[in-house]
Amino acid sequence: MIEFTNELSTDEDGIENLLDLVFSASRMNLSSYSLRKKVPKVKTLCYVAKNTDGSIIGVIRCWPIFIGKKKKISLLIGPIAIHPTFQGEGLGAYLINHLKKVSKKYGWKRAILIGDIDYYKSFGFFQQNENKIDFPPPTDSKRILLLELENNSFKDVEGKVVKFY
Ligand SMILES: CC(C)(COP(=O)(O)OP(=O)(O)OC[C@H]1O[C@@H](n2cnc3c(N)ncnc32)[C@H](O)[C@@H]1OP(=O)(O)O)[C@@H](O)C(=O)NCCC(=O)NCCS
């Protein structure tokens, strides 16, 4: 049976192996990684899916980020990865829906994710109309997806996304 739990420090190696498999090691060059470097994860919002033998077959992680001069805090959701053998079985959807529920409970108002709108729109993610939010390069603006965890929480939020400190 597949088990979903909060990420533990002992899961680190299994998660890195899964991310290397799904995204390749060049993932470290992605713009999102620059926002995560030396910033602590939001531990309460990092989950893994484990197979019966304890191996990690799914992960979702979150970091905090600031947006714009007003330093509006937001979640940066990702990476999300499901082991290829287990893709298409609803594990990704389960992790995203669980994360949405718990992040609201903890009072998070908004989230950004870099990904395919075709997959993420069914969870409420949307593309920004006026490109008011600048993500560090190189990022395809169509892949900058916003999620309101509280209604209208992206209203008047604009500017550069920077590291949380
Ligand atoms: C994207 C990912 C997290 C989805 O998790 P999953 O458990 O495989 O997805 P689910 O079972 O919840 O949903 C499967 C459905 O999403 C669709 N889907 C998956 N990736 C998609 C994409 N990039 N665009 C559009 N649809 C997509 C599948 O075709 C499937 O559709 P169906 O139900 O009509 O057959 C997973 O496939 C994965 O790890 N992919 C590679 C890494 C990645 O792209 N991560 C996200 C960027 S951070």
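Ligands are counted one by one from 1 in listed order, and the atoms in each one are counted from 1 as well. As the structure is a prediction and not an experimental result, all values here were calculated from the model.
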Under 3.5 Å, N/O to N/O: give me all the pairs between ligand 1 and the protein, one per line with atom names and distance.
residue: ligand 1; atom: 7 (O); partner: Gly92; partner atom: N; Å: 2.8
residue: ligand 1; atom: 8 (O); partner: Gly88; partner atom: N; Å: 2.8
residue: ligand 1; atom: 9 (O); partner: Tyr119; partner atom: OH; Å: 3.2
residue: ligand 1; atom: 11 (O); partner: Glu89; partner atom: N; Å: 3.2
residue: ligand 1; atom: 11 (O); partner: Gly90; partner atom: N; Å: 2.6
residue: ligand 1; atom: 12 (O); partner: Ala93; partner atom: N; Å: 3.0
residue: ligand 1; atom: 12 (O); partner: Tyr119; partner atom: OH; Å: 2.9
residue: ligand 1; atom: 23 (N); partner: Asp116; partner atom: OD2; Å: 2.6
residue: ligand 1; atom: 39 (O); partner: Ile82; partner atom: N; Å: 2.8
residue: ligand 1; atom: 45 (N); partner: Ile80; partner atom: O; Å: 2.9

Please walk me through it: do Lys71 and Tyr165 pass side-chain hydrogen bond (donor to acceptor under 3.5 Å, both in side chains)? CA-CA 10 Å; Lys71 295 200 178 74; Tyr165 52 87; 2.9 Å; yes
After noting the C-alpha distance and the side-chain angles of Arg61 and Glu16, does the key distance pass the salt bridge (charged side-chain N to carboxylate O under 4.0 Å, His left out) rule? CA-CA 12 Å; Arg61 285 173 148 176; Glu16 289 305 310; 3.6 Å; yes
Check whether any side-chain heavy atom of Asn51 lies under 4.5 Å from a side-chain heavy atom of Phe86, and answer yes or no.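 Yes, their side chains come closer than 4.5 Å.
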Any side-chain heavy-atom pair from Val161 and Ile133 closer than 4.5 angstrom?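 A side-chain contact under 4.5 Å exists here.
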Near Asp140 CG, under 6.0 Å, is it more than 12 heavy atoms from other residues, nucleotides or ligands?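 More than 12 heavy atoms, drawn from other residues, nucleotides or ligands, come within 6.0 Å of this atom.
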Following the transitive rule for hydrophobic clusters with a side-chain heavy-atom cut-off under 4.5 Å over Ile, Leu, Val, Met, Phe, Trp and Tyr, establish whether Ile96 and Val59 coincide in one cluster.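 As far as the 4.5 Å side-chain criterion goes, Val59 and Ile96 are not connected within one cluster.
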